[in-house]
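Here is the structure we will look at, set down as structure tokens.
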Amino acid sequence: MALFAERFELEPSSRPRDGYNIAPGGPVTVIVGESDGAARAEQFHWGLIPAWAKSAETRYKMINARIETVDEKPAYRGLLEGHRCLIPADGFFEWQPQPEGPKQPWWFQLADAELFSFAGLWTTWQPAPDVEPVHSCTMLTCEANDVVSPVHHRMPVVLKRASETRWLDPAVGAAAALTLAADCANDQLTARPVSRAVNSTRNTGPECVAAPNDDATGGPATALF
DNA sequence: CCAGACGTTGTT
DNA sequence: GTCTGG
DNA sequence: CCAGACGTTGTT
DNA sequence: GTCTGG
């Protein structure tokens with residue numbers, strides 16, 4: 001908390017949340033820009049609910065936005081202008097299908113576990129005038145690079161640190177923002193396999209990034225029969 | 001004009 | 001809300 | 001993303 | 001198989 005509060009010079013009212021098992025469809029901490037250039041942390045729903053949605057049913061579907069098409073898709077393209085956010089993290093998981101049995105989760109980080117930001121978009125959904133608005137977000141993805149592709153064919157866009165301020169800046173247009181996202185820090189990532197503890201969102205602690213078979217929550221190392 | 005979509009991932 | 005398809 | 005539910009009636 | 005919940 002202290003790290004990213006300092007890094008993003010968050011306003012005192014910010015109420016960030018962290019955890020080792022931030023899952024789609026749940027709350028996630030995002031950083032949004034203020035008109036005066038300040039930044040604020042909020043908890044948004046991970047899974048975009050467009051402003052025009054009649055129900056919240058997309059909230060488990062629109063968890064990602066492909067960078068290749070984000071400026072074309074009706075649900076996303078308007079958000080590239082003025083509705084960008086940072087989603088701070090120090091790593092992410094991808095699941096690797098196995099020839100047999102359950103998928104193997106992998107944990108990806110920058111060197112020295114340095115803090116970074118995913119490139120996100122956000123919006124507000126208010127189904128009726130007299131109910132509380134719901135803020136939600138989605139995360140840009142791109143084709144997996146050499147580090148991630150053995151595990152999974154897509155990966156989140158990790159912004160270069162120098163791009164973060166401009167990503168939040170409303171004065172930066174959609175085209176320029178897309179350029180920032182394309183020129184990302186994904187080639188700095190490292191990978192290691194982890195316990196299957198992360199597969200259950202009931203596990204929210206450091207056991208999620210423990211080495212495989214080095215914990216009591218990841219299930220048996222081998223099948224019983 | 002109105003109706004209907006609006007998304008990604010993974011699997012087959 | 002806005003765009004595409006019919 | 002993965003895990004877990006997926007149903008109604010009647011009884012306590 | 002498909003949807004909801006975390």
Side-chain angles (χ1 to χ4, degrees), chain A residues 17-29 43-83 87 89-109 118-129 133-145 148-158 174 181 189 191-205 207-210 212 215 217-220:
Chain A
R17 164 183 184 270
D18 65 4
Y20 288 83
N21 205 343
I22 306 299
V28 63
T29 298
Q43 283 188 53
F44 285 1
H45 178 92
W46 181 11
L48 200 84
I49 309 167
W52 37 259
K54 294 180 185 68
S55 77
E57 67 183 19
T58 67
R59 69 194 189 283
Y60 299 115
K61 296 177 183 171
M62 301 169 74
I63 60 174
N64 295 126
R66 296 172 64 95
I67 192 173
E68 297 93 334
T69 55
V70 66
D71 60 347
E72 303 164 8
K73 298 293 184 180
Y76 295 146
R77 60 190 170 197
L79 305 178
L80 270 178
E81 194 89 41
H83 280 76
I87 305 174
D90 67 351
F92 63 89
F93 300 96
E94 295 291 353
W95 280 261
Q96 180 184 46
Q98 299 295 295
E100 201 173 319
K103 294 178 186 176
Q104 172 63 52
W106 287 69
W107 173 236
F108 297 89
Q109 291 194 293
F118 298 118
L121 303 175
W122 68 275
T123 194
T124 304
W125 178 65
Q126 187 163 23
V134 177
H135 300 289
S136 60
C137 64
T138 192
M139 184 184 297
L140 297 201
T141 62
C142 60
E143 193 175 338
N145 62 13
V148 178
S149 59
V151 175
H152 186 62
H153 70 109
R154 302 290 298 175
M155 69 187 299
V157 172
V158 174
L189 291 163
R192 65 179 171 84
V194 290
S195 153
R196 290 191 291 118
V198 68
N199 288 6
S200 173
T201 52
R202 297 189 309 186
N203 300 319
T204 58
E207 67 271 21
C208 293
V209 293
D215 64 273
T217 48

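Lettering of chains follows the sequences in order, A, B, ..., and the numbering in each one begins at 1. Keep in mind that the numbers below use all heavy atoms, side chains included, and drop hydrogens, waters and symmetry copies.
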Side-chain donor-acceptor distances from residues 52-63 of chain A under 3.5 Å, at least two apart:
{"residue": "A/S55", "atom": "OG", "partner": "A/E57", "partner atom": "N", "Å": "3.3"}
{"residue": "A/T58", "atom": "OG1", "partner": "A/L48", "partner atom": "O", "Å": "2.9"}
{"residue": "A/R59", "atom": "NH1", "partner": "A/A56", "partner atom": "O", "Å": "3.1"}

Taking only the side-chain nitrogens and oxygens of A/R154, find out if one of them lies under 4.0 Å from OP1 or OP2 of B/dT9. yes
Relative to each other, are the rings of A/F44 and A/H135 parallel, tilted or perpendicular (30° and 60° limits)? parallel
For A/A197, is there any backbone N or O sitting under 3.5 Å from a side-chain donor or acceptor partner on A/N203? yes
A/L140 CG - B/dT8 P separation (whole Å): 10 Å
Of the listed nucleotides D/dC1, B/dT8, B/dC6, the one nearest the side chain of A/A75: B/dC6
Hey, does A/A53 reach any base, or is it just sugar-phosphate, or nothing, if we go heavy atoms under 4.0 Å? nothing
Any side-chain heavy-atom pair of A/V70 and A/L80 under 4.5 Å: yes
Would you tell me if any nitrogen or oxygen in the side chain of A/T141 comes within less than 4.0 Å of OP1 or OP2 on B/dG7? no
Taking atom P in both B/dC2 and D/dT9, what distance in whole Å separates the two? 43 Å
Nearest-Å distance, NZ (A/K73) to C1' (C/dT2)? 15 Å
Separation of A/Q96 atom CD from D/dC2 atom P, in whole Å? 12 Å
Atom CG of A/D71 to atom C1' of C/dT2: distance rounded to whole Å? 16 Å
Under the side-chain hydrogen bond (donor to acceptor under 3.5 Å, both in side chains) test, residues paired with A/T141 that sit two or more places apart: A/R154
If we take the P atom in both B/dG7 and D/dG4, what is their distance in whole Å? 31 Å
Might you list the N or O atoms of the protein lying below 3.5 Å from N or O atoms in nucleotides 3-6 of chain E, with each pair's distance?
{"residue": "E/dG5", "atom": "OP2", "partner": "A/R59", "partner atom": "NH2", "Å": "3.2"}
{"residue": "E/dG6", "atom": "O6", "partner": "A/P24", "partner atom": "O", "Å": "2.2"}
{"residue": "E/dG6", "atom": "N1", "partner": "A/P24", "partner atom": "O", "Å": "3.1"}

Whole-Å distance between D/dC1 P and A/M155 CE? 15 Å
Taking only Watson-Crick and G-U wobble pairs with both distances under 3.5 Å, what dot-bracket line describes DNA chain B, where [ ] shows pairs that cross earlier ones and | shows pairs with another strand? ||||||......
If you compare all heavy atoms of A/V151 against all heavy atoms of A/P97, which two are closest, and at what distance to 0.1 Å? O-CD, 3.7 Å
When rounded to the nearest Å, what value does the distance between C1' atoms of B/dA5 and D/dA5 take? 29 Å
Taken to the nearest 0.5 Å, the spacing of A/T204 OG1 from A/I22 CD1 works out to 8.5 Å
Applying side-chain hydrogen bond (donor to acceptor under 3.5 Å, both in side chains) to A/N21 and not counting sequence neighbours gives none
When all nucleic acid strands are considered with a 4.0 Å heavy-atom cut-off, which category describes A/F93: base, sugar-phosphate, or nothing? nothing
List the residues meeting side-chain hydrogen bond (donor to acceptor under 3.5 Å, both in side chains) with A/Q98, not counting sequence neighbours, and say none if there are none. A/Q96
Between E/dG5 and D/dT8, how far apart are the two P atoms, rounded to whole Å? 16 Å
Quick one, A/E94 and A/F108 - any side-chain contact, counting heavy atoms below 4.5 Å? yes
A/I22 has an atom CD1; how far is it from atom P of D/dC2, in whole Å? 17 Å
When all nucleic acid strands are considered with a 4.0 Å heavy-atom cut-off, which category describes A/T138: base, sugar-phosphate, or nothing? nothing
Identify whether a stacking contact exists between A/W52 and B/dC6, where the ring centres must be under 5.5 Å apart and the planes under 30° apart. yes
Measure CD1/A/I67 against C1'/B/dG7 and give the value in whole Å, please. 16 Å
Would you indicate which nucleotide in D/dC2, B/dG7, B/dC6 comes nearest to any side-chain atom of A/K103? D/dC2
Pairwise C1' distance for D/dT11 and B/dA3, with rounding to whole Å: 49 Å
Side chains of A/H83 and A/T123: any donor to acceptor distance under 3.5 Å? no
Check the distance between C/dT2's P and A/E72's CD and give it to me in whole angstrom. 19 Å
Rounded P spacing from E/dG6 to B/dC6 in Å: 28 Å
